[in-house]
Amino acid sequence: MARATSVVPRPPRQKPTPPTFTGHPDRKRRRASLVAPLLVTALAATGLGFASKEVVPIVQALSLCKAGDAASIIPEDGVLLGVNLDWDTETLAEHKANLGHDPAVVVQFSDIPYDDETWAHTTNAVTQVRATGGVLLLTLEPHGGLATMSDEVIAKLATDLRAINDQGTPVVVRFAHEMNGSWYSWGQQPTRYVEVFRKVAAAVHSQAPGTSMMWAPNYGGGYPFTGGQYAARPGTPDFAALDTDHDGTLTMADDTYAPYYPGDDAVDWVGVSLYHWGNQRPWGNNDIAEPGKFLAMLNGTYNGTAGDDSSVPDFYQVYGVDHNRPVAIPETAAIFTPARGGASELDVKRAWWRQVFSAETHQKYPQLKMINWFEWKKYEIEINDDVDWRSAGSPAIRDALTQDLPDWLRYGEDLEACR
């Protein structure tokens, strides 16, 4: 999830003292359930497989089509509605039963470099995604640092992505997201980050034409996110590159996004995750979002109870319009903490999704092409409490959501990704 001090506070995995931002540390890798051994045996006869020596599930192999060109998933009109699902508690089939539609996008996380066992979690997720006709948004996290992204690692990734595409599933790779933060081992290293992103993009574009690249920084509220383990140090080339106003310090007056942008030839999608964590400290209370908060965060005009973020660049205008890239909200949700008082779960979540799915969102932001809901109930270390982020966690919440979903959303059944 996005991290920011003033609106979406998040800590690094190793929490600094005192914390200056909060988030979703130590998320489990998403593990989709395995298919039955009988189906795997049947698939073996097809001769299909991945470079990582994974057996491709038969649900993919039965349809021998290929994913079309990566750009084909971008809707001419409307927005892809996707989900970041907790695989341990819900399947995509169950999610469809809840909402009445297959998600157009499904979020999966993976470490990179990866071994066969780790990649199996991704291929098992593809099993379910392939059945929906949707797109896999694969978030790749190089926790060993950018130095681990060798030519061999990148080549293997491109080959494995091509195998997924060749069996009918388009992929959007969100590589090393939140690179402008200080909590990940790839954070606040703009020169090396851009170099590695471009190498990954070149391999993907040449070897896996059904895969596209997403550049997804952290929302800029609270920049430069001081206190994290990987914060840029004064006197280093990275610090100088991030000091965009050349005053010798890093503040919110510096551009939180531009130093990390890899270039239009390397970037197919741009994305920024936007969450409602509450209206003010202490974060995590059950507050109804201020009117207009979602779009104000997207266009860099937020100035409210959570702080003044008006110096944050207009992400939508700069990268969606000026760079002419489809814009994604890879993750969004509104916090509800069952153990705390305040507004009701329905009121908190409905107020947020009505902003996200408002008519204004569609009419004034036509470059917005993807929105994914964070469908998790989990313990959040930064507020020391259990949080239910889900939009379909109970019949009452689900029914209210489905009544509010607009007709400009696009689902898995609306895509024609398999050629």
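Position 1 is the first residue of the sequence; numbering continues from there. Every value quoted in this text rests on a predicted model; they were computed, and no experiment measured them.
- At least one side-chain heavy atom of Val126 sits less than 4.5 Å from a side-chain heavy atom of Leu136.
- For Ser310 and Asn303, the side-chain atoms include no donor-acceptor pair closer than 3.5 Å.
- Electrostatic pairing of Arg174 and Glu331 counts as a salt bridge here, judged by a charged N lying under 4.0 Å from a carboxylate O.
- At distances below 3.5 Å, not a single donor-acceptor pair connects side-chain atoms of Asp111 with backbone N or O atoms of Tyr114.
- Remark: side-chain polar atoms of Asp102 are not paired, donor with acceptor, to backbone N or O of Gly412 under 3.5 angstrom.
- No hydrogens or angles considered: a donor-acceptor pair under 3.5 Å links the side chains of Gln317 and Asp322.
- Between Tyr319 and Trp215, the ring centre distance stays below 6.0 Å.
- No hydrogens or angles considered: nothing links the side chains of Asp308 and Tyr302 as a donor-acceptor pair under 3.5 Å.
- Ionic pairing of Arg390 and Asp86 is not present here: no N-O contact between side-chain nitrogen and carboxylate oxygen is shorter than 4.0 angstrom.
- A salt bridge links Arg162 to Asp166: at least one charged side-chain nitrogen sits closer than 4.0 Å to a carboxylate oxygen.
- Without hydrogens or angle criteria, Ser212 side chain to Ala70 main chain gives no donor-acceptor distance under 3.5 Å.
- Counting heavy atoms from C-beta on, the side chains of Leu242 and Pro224 never come closer than 4.5 Å.
- Between Trp389 and Phe336, the distance from one ring center to the other does not fall under 6.0 angstrom.
- Note that NZ of Lys378 is 12.5 Å distant from CG of Asp88, once rounded to the nearest 0.5 Å.
- Side chain to side chain, Gln128 and Thr91 fail the donor-acceptor criterion of an N or O pair below 3.5 Å.
- In this structure, Asp238 does not pair ionically with Arg233, as no charged nitrogen and carboxylate oxygen lie closer than 4.0 Å.
- For the 3.5 Å distance criterion, the side chains of Ser72 and Asp69 fail to qualify, holding no donor opposite an acceptor.
- Rounding to the nearest 0.5 Å gives a distance of 9.5 Å between CD1 of Ile397 and OG of Ser391.
- Side-chain atoms of Asp399 never come within 3.5 Å of backbone atoms of Gln403 as a donor-acceptor pair (strictly under, hydrogens ignored).
- You'll find the side chain of Asp314 stays beyond 4.5 Å of the side chain of Val321, heavy atoms only.
- A side-chain N or O of His205 and one of Asp268 form a donor-acceptor pair less than 3.5 Å apart.
- Partners of Asp385 according to the side chain to side chain donor-acceptor pair (under 3.5 Å) rule, which considers only residues two or more places apart in sequence or in another chain, are Arg340.
- Below 30°, between 30° and 60°, or above 60°: for His323 and Tyr261 the angle between ring planes is between 30° and 60°, a tilted geometry.
- For Glu413 and His101, the side-chain atoms include at least one donor-acceptor pair closer than 3.5 Å.
- There is no side-chain donor-acceptor pair under 3.5 Å between Asn84 and Gln108.
- To the nearest 0.5 angstrom, Trp87 atom CH2 is 10.5 Å from Trp376 atom CH2.
- Partners of Trp186 under the ring-ring contact (aromatic ring centres under 6.0 Å, His included) rule, at least two apart in sequence or in another chain, are His143, Tyr184.
- With respect to the salt-bridge test (charged N to carboxylate O, under 4.0 angstrom), the residues Glu345 and Lys349 qualify.
- Annotation: the span from Lys369 atom NZ to Glu76 atom CD amounts to 8.0 Å, rounded to 0.5 Å.
- Between Tyr230 and Trp183, the closest side-chain pair of non-hydrogen atoms is not below 4.5 Å.
- Scanning for side chain to side chain donor-acceptor pair (under 3.5 Å) contacts around Glu195 gives Arg192, with sequence neighbours left out.
- For the pair Asp414 (side chain) and Tyr411 (backbone), a donor-acceptor distance under 3.5 Å is present.
- Ion pairing between a basic and an acidic side chain is recognised when a charged N comes within 4.0 Å of a carboxylate O; Asp404 and Arg354 show such pairing.
- Asp255 contributes atom CG, which lies 12.0 Å from atom CG of Asp243 (distance to the nearest 0.5 angstrom).
- Checking Lys293 against His276 by side-chain atom types alone, a donor-acceptor pair falls below 3.5 Å.
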Any chance you could lay out the side-chain contact (heavy atoms from CB on, under 4.5 Å) test for Trp373 and Trp353, step after step, and finish with the verdict?
CA-CA 9 Å; Trp373 199 273; Trp353 74 53; 3.8 Å; yes
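- Using a 4.0 Å cut-off between charged side-chain N and carboxylate O, Arg410 and Asp77 make a salt bridge.
- In this structure, the side chain of Thr332 does not engage the main chain of Ser273 through any donor-acceptor pair within 3.5 Å.
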